[in-house]
Structure formats: C-alpha cells, structure tokens
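To start, the structure itself, in structure tokens.
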Amino acid sequence: MKIAIIGLSNSGKTTIFNALTRQNLETTIYPTTSGEPNRGVVKVPDSRIDKISAIFKPKKTTYATIEYVDYIGLTKGDLQQNRKVFDLIKDADAIVHVVRGFEDDAVMHPVGDVDSRRDVEILELELIFGDLEFVEKRLDRIAEGEKRGKKHDEPEKKLLLKCKEALEKEVALRDIEFNEEEKKMMSHLQFLSTKPEVIVLNSGEKDLSTDKAKGLQNKIQIYFKERYKNMPFVKHYLLPPLLSLCGKIEMEIAQLSPEDAKLFLDDLGIEEPALNKLIHVCYGILGYISFFTYAGDEVRAWTITKGTNAQKAAGKVHSDIERGFIRAEVISFNDFISMGNIHTARAKGLLRLEGKTYEVKDGDIINFRFNV
Ligand SMILES: Nc1nc2c(ncn2[C@@H]2O[C@H](COP(=O)(O)OP(=O)(O)OP(=O)(O)O)[C@@H](O)[C@H]2O)c(=O)[nH]1
Ligand SMILES: [Mg+2]
C-alpha cells in the first residue's frame, strides 16, 4: 500500500513523514521547492501479529508494509509546479492531506495566516484542477485524432466528458457515481480526486484537545459538509475522516525506543500514537483488512480488501496455493488467543474448515490446504 502525504508548503508534511517512518529528515521554516521526494517503507503496527508470534515463536515474523511518500507542497494556482507532485502520487492508494493548525511566526505560511478551512479548500481544488487538466488534454488528443480520421474509443470519450462536467463544477470524482464499466476504465486513468483521503490537522504542541484545535477542526468539517450544498446531483457523498495530532510531538515519540514511547504515552493517557491510528483509518477508508498465516516457521500478516474470498486470499500468499486450493483451516484471532495455542484450539474443534467462497474476516488466522 502506498500513501501520499500532501498539503500546502510548511503544513508539516515532512515532520509527519518523519514520525510515520521514524526518520529524522530536515524540516525547514522555508518552503521546499526542489529536491528528491522522501520515501519510506514501514511495518504496519498491529498488536495482533505480535500476540500470534508470541505463541507460535516462529523464526520469522513478517508484518504488512506500507510506503509513505512526501514531497514538495502544492501551490495555489501553479499547475506546472503541482504537476510534479501529481506525477509522483498518481499511483498512491490513498492520500493523507495535512492541514496546518499550528501557529509559529518563524514558519512562513504560503497563503498568509493559519486558516484551516481556506487551506483545505485550496488543496481540494488543486487536485480537481489537476484532474481537469488531465481530462482536457486527453479529450484534445481524441479531437486531434478525429480530425485525422482516426477512430476513437467512444466509451472512454463519454467517460471523460462525464468527468469533465463534474470537475468543472468543482466536484471530486470520488463523489460521483460510476458504473462498473466506467470504474474499470478509470482505474487505468489514475485520477487524483478519486483517491480516498484522510484529513490530518497538524495542531500546535499546546493546542491539542483545546478549543482552538476544536475550532479549526470544526471549520474543516463545515467546509466538507457544505461543499456540495447546492448540488443535489452529488448523492452519495462521504465526509472524509479527520484526525487531529501534533506532528512535532509525534515525531518525538517516534524517535524514542518502544519502551520509552509507551511510558510517554501512558503519561499522557494516550492509548496509541495518533500515527498508528492514522494507519487504521487508512485501512478503513480503503476497505482493507488483515489476515494471518503461520507456515514454514513464519508468522505473517497479509492485507486484502474486505469481501475477498478464501481462494483469492490464498493467491496473495502464492499463486500455486490459489490454483491448488482445497480448504482453508480458519480460526478467529480472539478464539486463538483464548485457547492459548493451536493444539488446544484444534482439540476443542475451533478450527473451521472453509471452502473457496468463504469470505475472509479481519483477524482470521489461516492455514491453507492445497495440492499442486
Ligand atoms: N510549532 C510547530 N511547528 C511545527 C509543527 N509541525 C511542523 N512544524 C515546523 O514547521 C516547519 C515546516 O515543517 P515541515 O515538516 O518541513 O513542513 P512541510 O509541509 O514538509 O514543508 P515543505 O516541504 O516545505 O512544503 C518546520 O520548522 C517544523 O519544525 C508543529 O506541530 N508545531
Ligand atoms: Mg517537506
């Protein structure tokens, strides 16, 4: 899974990237305008796999991974500059949209002052303008081809016109309904405003859970609630999840050893770092769930989309297992933990034998039986 961190410059993207990837890259009080994108691959924190491994004691424990990408900020009205970011994030699965909530006179704000509603709107619109430019270019190319007598792909043209109409009304493509055929075509087109997104309000150290942070959160929520107020054709609109955190504190926590981090969090009465929460929220908006396998001295976590059947899930592990699938031996995470080990679970009859069409549930622990 690839997640792109985007936002206006100096909103705290690199600070949050550092926290997510436990790195210590330079953050500056001036906007970054050039250089290479930051990339980091991290394990998906999941206490369930730790507990499963503590029981099986395998030689190897393999976590699911997630790639984060952080680059320069988006600039209002500068498509040429923004295209650099768009090209980089086109293949991302989800977007983390960072909004500045911290006040600091030393850190330049690209538009003026701290105003979460205005900033969030600028960014949402820049993504839409990016898509609109892409659609127009593609339509131009089709028109040129037509002039030269070239036959074009009629369904694609129709789809592009439908997208253009929505984008011109400043509607994100994720909020428009498309049929299955259109969705299939769209998956090749790599739009930006179709990507599921999480909004992260980056609050100041002293502002967390204060009225000030709540005020900024409210303004963001109002923006999203009112976004399509006079557009009844937008029917199934889901508000994006909103997380409030302090990038600077999260970055400090991420630099601590796991033991110290736990003490620090306990001290603050926080159950888990906001950034772990961010991953769970991303799983949620993407409809992702995890299942676990134990085989060949390895306990491993796998990511699938909710609704995936056992045979398709087996294909994640290996195409041979999907092809030669016989049965899946399944136990839920809770049943497994309450039994304490797999032998007791088996003796108590808690290992279910499921067929190809069984819908894998979040937390299932699976042993695939196959024959090739
Ligand atoms: N006070 C305070 N400062 C922060 C916070 N988060 C980031 N900063 C500071 O804001 C400045 C910009 O942070 P970055 O993380 O570099 O922001 P960015 O969005 O990556 O900026 P560009 O890459 O230039 O677009 C740095 O000086 C950070 O230390 C925060 O939560 N509180
Ligand atoms: Mg940066």
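Both backbone and side-chain heavy atoms feed into the values below; hydrogens, waters and symmetry mates do not. All figures in this text were calculated on a predicted structure; none of them were measured in a lab.
Judged by distance alone, with hydrogens and angles left aside, the side-chain atoms of Asn38 form no donor-acceptor pair with the main-chain N or O of Phe17 at under 3.5 Å. Without hydrogens or angle criteria, Asp362 side chain to Ile289 main chain gives no donor-acceptor distance under 3.5 Å. With Arg22 contributing its side chain and Ala254 its backbone, the two residues share a donor-acceptor pair below 3.5 Å. Checked by atom type and distance alone, the side chain of Ser332 pairs as donor or acceptor with a backbone atom of Asp335 at under 3.5 Å. Looking at Glu226, its side chain never comes within 3.5 Å of a backbone N or O of Tyr223 through a donor-acceptor pair. In this structure a side-chain-to-backbone donor-acceptor pair under 3.5 Å is missing from Asn202 to Cys246. Judged by distance alone, with hydrogens and angles left aside, the side-chain atoms of Lys195 form a donor-acceptor pair with the main-chain N or O of Ala92 at under 3.5 Å. No donor-acceptor distance shorter than 3.5 angstrom exists from the side chain of Lys169 to the backbone of Ala166, with no hydrogens or angles considered.
Partners of Thr308 according to the side chain to side chain donor-acceptor pair (under 3.5 Å) rule, which considers only residues two or more places apart in sequence or in another chain, do not exist here.
Using modelled atom types, one finds no donor on one side chain facing an acceptor on the other under 3.5 Å when comparing Asn309 with Glu359. A donor and an acceptor atom, one from each side chain of Thr210 and Asp207, are nowhere located under 3.5 Å apart. Using a 3.5 Å distance cut-off with no hydrogens or angles, the side chains of His109 and Asp115 do not pair a donor with an acceptor. For the residue pair Thr293 / Trp302, a side-chain donor-acceptor distance below 3.5 Å is found, with atom types taken as modelled.
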- Please report the C-alpha distance between Glu170 and Arg227 in whole Å, then the side-chain angles of each, then the deciding distance to 0.1 Å, and finally whether the salt bridge (Lys or Arg N to Asp or Glu O under 4.0 Å) criterion is met. CA-CA 9 Å; Glu170 301 185 348; Arg227 185 172 187 181; over 6 Å; no

Exercise for review: Assess whether salt bridge (Lys or Arg N to Asp or Glu O under 4.0 Å) is satisfied between Arg138 and Glu156, documenting all intermediate values.
Suggested key: CA-CA 10 Å; Arg138 238 178 138 95; Glu156 184 183 322; 2.7 Å; yes

**Message:** Quick one, Lys361 with Asp364, criterion salt bridge (Lys or Arg N to Asp or Glu O under 4.0 Å). Give me CA distance, side-chain angles, the key distance, then yes/no.
**Reply:** CA-CA 6 Å; Lys361 308 284 181 312; Asp364 275 350; 5.7 Å; no

Chi angles and distances behind the side-chain hydrogen bond (donor to acceptor under 3.5 Å, both in side chains) call for Thr61, Glu298 = CA-CA 6 Å; Thr61 300; Glu298 182 187 28; over 6 Å; no

With side-chain hydrogen bond (donor to acceptor under 3.5 Å, both in side chains) as the test, would you mind laying out the steps for Thr344 and Asn341 before giving the verdict? CA-CA 6 Å; Thr344 315; Asn341 64 64; 3.0 Å; yes

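In Lys2, the NZ atom is crowded: over 12 heavy atoms of neighbouring residues, nucleotides or ligands sit closer than 6.0 Å. For Gln80, the CD atom counts as loosely surrounded, since its 6.0 Å shell holds 12 or fewer non-hydrogen atoms of other residues, nucleotides or ligands. Counting heavy-atom neighbours within 6.0 Å of Asn179 CG, excluding the residue itself, gives a total above 12. Shown here is Lys219, whose NZ atom has more than 12 heavy atoms of other residues, nucleotides or ligands within 6.0 Å. Annotation: Lys158, atom NZ; neighbour count of heavy atoms from other residues, nucleotides and ligands within 6.0 Å does not exceed 12.
Between Tyr237 and Tyr228, the ring centre distance stays below 6.0 Å.
Here the CD1 atom belonging to Ile3 is positioned 12.5 Å from the CD1 atom belonging to Ile89, to the nearest 0.5 angstrom. Of the inter-residue distances, the one linking Ile5 atom CD1 with Tyr71 atom OH reads 14.5 Å to the nearest 0.5 angstrom. Here the CZ-OH distance, from Arg300 to Tyr63, works out to 13.0 Å after rounding to the nearest 0.5 Å. The structure places CG of Leu8 at 12.5 Å from CD1 of Ile72, a figure rounded to the nearest 0.5 Å. The distance from atom CG of Leu263 to atom CG of Leu256, rounded to the nearest 0.5 Å, is 9.5 Å. With rounding to the nearest 0.5 Å, the separation of CG in Asp211 from CG in Leu216 is 11.0 Å.
Hydrophobic cluster membership is shared by Val198 and Val42, with clusters built from Ile, Leu, Val, Met, Phe, Trp and Tyr side chains linked at under 4.5 angstrom. Cluster membership check: Ile128 does not share its hydrophobic cluster with Leu74, using side-chain heavy-atom separations under 4.5 Å among Ile, Leu, Val, Met, Phe, Trp and Tyr. The same ILVMFWY cluster, assembled from side-chain heavy atoms under 4.5 Å apart, contains both Met185 and Leu161. In the hydrophobic clustering of this structure, Ile95 does not group with Val120; members are Ile, Leu, Val, Met, Phe, Trp, Tyr whose side-chain heavy atoms approach within less than 4.5 Å, directly or through other members. Under a hydrophobic-cluster definition in which Ile, Leu, Val, Met, Phe, Trp and Tyr are linked whenever side-chain heavy atoms come within less than 4.5 Å, directly or via other members, Leu167 and Met231 are assigned to the same cluster.
Under the 6.0 Å distance and 45° angle rule, Lys90 does not count as a cation-pi partner of Phe191. A cation-pi contact links Arg100 to Phe102, judged by a cut-off of 6.0 Å to the six-membered ring centre and 45° from its axis.
Tyr283 pairs with exactly one of Val281, Ile285, Ile279 by the side-chain contact (heavy atoms from CB on, under 4.5 Å) rule, that one being Ile279. Glu322 pairs with exactly one of Lys312, Lys356, Lys316 by the side-chain hydrogen bond (donor to acceptor under 3.5 Å, both in side chains) rule, that one being Lys312.
Taking the charged nitrogens against the carboxylate oxygens, Glu354 and Arg327 have no contact shorter than 4.0 Å, which rules out a salt bridge. Using a cut-off of 4.0 Å between Lys/Arg side-chain N and Asp/Glu carboxylate O, Glu180 and Lys184 are scored as not salt-bridged. The pair Glu146-Lys157 meets the salt-bridge criterion, since a charged nitrogen lies less than 4.0 angstrom from a carboxylate oxygen. In summary, Arg352 and Glu329 do not engage in a salt bridge, as defined by a charged side-chain N under 4.0 Å from a carboxylate O. Look at Glu197 and Arg174 and you find a salt bridge, because one of the NZ, NE, NH1 or NH2 atoms lies within 4.0 Å of a carboxylate O, short of that distance.
The aromatic rings of Phe368 and Phe291 lie perpendicular to each other, with more than 60° between the two planes, well past the 30° mark.
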